[in-house]
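Per chain, numbering begins at 1; letters A, B, ... match sequence-line order.
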Amino acid sequence: MKHWLVKSEPEAYSWATFVREDGTAWTGVRNYQARNNLNLMQPGDLVLFYHSVSEKAVVGVAEVTAQAIPDPTAEAGSPWVAVALRPVQALPRPVSLAQLKADARLSELALLRQSRLSVLPVRPEEFDVVLSLSQP
DNA sequence: GCCAACGTTGGC
DNA sequence: GCCAACGTTGGC
């Protein structure tokens, strides 16, 4: 099982909406590196849900429920894909970008190294560190 | 194939 | 609001 992180601007698509809809097709990714990561996702993989821009914090954990298919919001024949995600749990407390940056165990975190990429791999130990940081 | 121009993302 | 990083586009 692999671990990932996806970003969303809460004004565009928030964790609350994601929970209310009980999951969604993760469409609209238009970057090749992010697309490659989507293609590597398998059902059961766990995904950190990050609110970018206005909040800058990991807010929840999602699970991949369907592997990549052609993105229905893209032109037919385009290379873009979408996976299906569903919410697993909100974090007890959001883990802010500042917290992530401050933790030496997360110095290699892909989010911190490639801040513009919207679909990123997370190492299992990094995933566990983020969860532990969210504990009250 | 190179590179300048331009657009977008996202942190500050 | 600004700007750095970075991806894409298009002229040459």
DNA chain B contacts among residues 104-120 of chain A, heavy-atom distance under 4.0 Å: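 Correct list: A:S115, A:R116.
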
DNA chain B contacts among residues 9-17 of chain A, heavy-atom distance under 4.0 Å: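 Correct list: empty, so none.
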
Between NZ on residue A:K101 and CG on residue A:L97, distance to nearest 0.5 Å: 5.0 Å

A:E9 versus A:S54, side-chain donor and acceptor atoms under 3.5 Å: no

A:K7 side chain near B:dG10 phosphate (N/O to OP1/OP2, under 4.0 Å): yes

Return the value, rounded to whole Å, for the distance between atom [atom1] of [X] and atom [atom2] of [N].
X	N	atom1	atom2	result
A:E55	B:dG10	CD	P	14 Å
A:W80	C:dG7	CH2	C1'	10 Å
A:R30	B:dT9	CZ	P	12 Å
A:Q33	C:dT8	CD	C1'	15 Å

Side chain proximity check, A:Y50 to A:K56, heavy atoms < 4.5 angstrom: yes

Examine distances only and state if a side-chain atom of [X] and a backbone atom of [Y] form a donor-acceptor pair shorter than 3.5 Å.
X	Y	result
A:Q114	A:L111	no
A:K7	A:S115	yes
A:D45	A:M1	no
A:H51	A:W15	yes

side-chain hydrogen bond (donor to acceptor under 3.5 Å, both in side chains) partners of residues 72-92 of chain A, not counting sequence neighbours, each pair once: A:R30-A:T73, A:E63-A:R86, A:D71-A:T73

Same apolar cluster: A:L117 and A:V64, side chain cutoff 4.5 Å: no

Residues from residues 68-76 of chain A lying under 4.0 Å of DNA chain C - heavy atoms: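 Within this stretch, nothing sits under 4.0 Å of the strand.
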
Per A:Y32 side chain, nearest of listed nucleotides B:dC12, C:dT8, B:dG10: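 Between B:dC12, C:dT8, B:dG10, the one nearest the side chain of A:Y32 would be C:dT8.
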
A:R105/A:E126 salt bridge by N-O under 4.0 Å criterion: no

side-chain contact (heavy atoms from CB on, under 4.5 Å) involving A:P43 - partner list, sequence neighbours excluded: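 side-chain contact (heavy atoms from CB on, under 4.5 Å) check on A:P43 returns A:Q67.
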
Check: A:F49 ring centre within less than 6.0 Å of A:W4 ring centre: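 So the answer is no for these two rings.
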
Polar atom pairs between nucleotides 4-6 of chain B and protein, under 3.5 Å, N or O only, would you list them?
none

Ring geometry between A:W26 and A:Y13 (parallel below 30°, tilted from 30 to 60°, perpendicular above 60°): perpendicular

